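Not measured: the values here are computed from a predicted model. No hydrogens, no waters, no symmetry mates; every other heavy atom, side chains included, goes into these values. Counting starts at 1 for both ligands and their atoms, in listed order.
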Amino acid sequence: MSTDNTTATSLDATHDATLRSWVSSANVAGGDFPIQNLPLARLRRRGTQQAWRIGVAIGDQALDLALAEQARGWSSAERVWLAPLAQGDLNRFMAMGAAARRGLRLALSRALAAGSAQHAELKGALVAQADLEFDLPCRVGDYTDFYTGIHHATSVGKLFRPDQPLLPNYQWVPIGYHGRASSLQVSGVDFARPLGQTRAPDAVAPSFGPTQRLDYELELGVFVGAGNPDGRPMTMAQAEADWFGLVLLNDWSARDIQAWEYQPLGPFLSKSFATSLSPWLVTQEALAPFRLAYTRPEGDPQPLPHLDSPANRRAGAVDLRLEVSLQTAAMRAAGLAPERLSLGGFAEGAYWTIAQMLAHHSSNGCNLQPGDLLGTGTLSGPLHEQAGSLLELSRGGKQAISLANGETRTFLQDGDQVVFRAWAEAEGAVRIGLGSCSGTVLPALT
Ligand code: CA
């Protein structure tokens, strides 16, 4: 694993709030993709059979790295980093570690900055994002979903176990389960309402059919960088340096299937039918200006030493706003925009940090690999209206929420589109965004 002396929260020339790009749309205040962001996605021109390549978001454009690689002005080290990206292979770049990730960011920032010597050559490597289609950013070998959202865990725990909402291990172990990588899909891919086995509370026997309690879960997805060799756990410092970046993640969940199947081994088919990811992978370096101290609530135990470090206490958390919106089929037909259901935050929702998730995951010697994906778990805020799932907003399906057009929801109906957005703002820094993650529920295939 590659490590260097730069810390995750170091700021450098790429974070300079006065930096402007020669791509004018990147300089519009309030956008997701100013030159201080530079997220990566796997993409190609829509409607073509182009080979997938990695691109970098800049304003409403993307720099196509298959084209950009051919320009003059890159150093030999930069050419080594660009080679796999031009071929659409983000995993191979992830395997190069943190120093490559930081080096590429510096090179891209310099190349896209106003006054860049590469401006004339790179102009032809820009593609409007509106003309692109996206794939998952990389090949995901394994997907693990954590349960770090303590407000979510507490309110869901109350619904399932009123006497003991949080089990005693919650404050000591970052709880997680192994998810299904094959049904990960990029934002904009729709899916059919899943079928499954459920048992109504008053029924003697279960039945099989379309889920009646389909839900979303507002999460962030963490991509692993170089990973760790089998049998060699990551230290907290290695874990902090290694995580590559973040996307939005919707862990679509069938609550009736989940309630019937989850004991004794946890969720299985209630989660494995679809999981949506936003296309732009925002690196941890882009998030450096938005880091916060990681603290435990008064009276809670401190993490064990292998999940603790001074750097994690000082700046282990990430300050991101997280928004959920819903557009029903009726709203779409009437030309109404998606309606906000909740607005919360990452740092206030998560009981464990990203570094703790990687350190815990590898603590038994389990090898994490480049491009592995870790879900944070549902990130609900402390207030009821900040809940990151309908299960919570509708209080277990008992209290429907009302929409502005007069419709109500306890769980999702066919035609519903759920849209997540996330962004970061801080004093002295330029706002950046993660873009959006959306998916629409199609009728069950019966
Ligand atoms: Ca989840």
For this session: Check Asp251 and report its N/O/S atom nearest to the Ca ion (ligand 1), by atom name.
Result: OD2
Exercise. Which atom, counting only N, O or S, brings Glu217 closest to the Ca ion (ligand 1)?
Worked result: OE1
Exercise. Where does the angle between the aromatic ring planes of Phe134 and Trp280 fall among parallel (under 30°), tilted (30 to 60°) and perpendicular (over 60°)?
Worked result: perpendicular
For this session: Identify, by name, the N, O or S atom of Asp145 lying closest to the Ca ion (ligand 1).
Result: OD2
Exercise. What about the rings of His178 and His361, do their centers lie closer together than 6.0 Å?
Worked result: yes
Could you go through residues 334-351 and list every donor-acceptor pair under 3.5 Å that involves a side-chain atom there, pairing it with any protein atom two or more places apart or in another chain?
unit_1 : atom_1 : unit_2 : atom_2 : d
Glu339 : OE1    : Ala404 : N      : 3.0
Glu339 : OE2    : Ala404 : N      : 3.3
Arg340 : NE     : Glu323 : OE2    : 2.7
Arg340 : NH2    : Glu323 : OE2    : 2.8
Ser342 : OG     : Ala387 : O      : 3.2
Glu348 : OE1    : Arg321 : NH2    : 3.3
Glu348 : OE2    : Arg321 : NH1    : 3.0
Glu348 : OE2    : Arg321 : NH2    : 3.3
Tyr351 : OH     : Asp300 : OD2    : 2.7

Problem set entry | Name, closest N/O/S atom of Glu219 to the Ca ion (ligand 1) | OE2
Exercise. Which residues pass the side-chain hydrogen bond (donor to acceptor under 3.5 Å, both in side chains) test with Asp416, sequence neighbours left out?
Worked result: Arg409
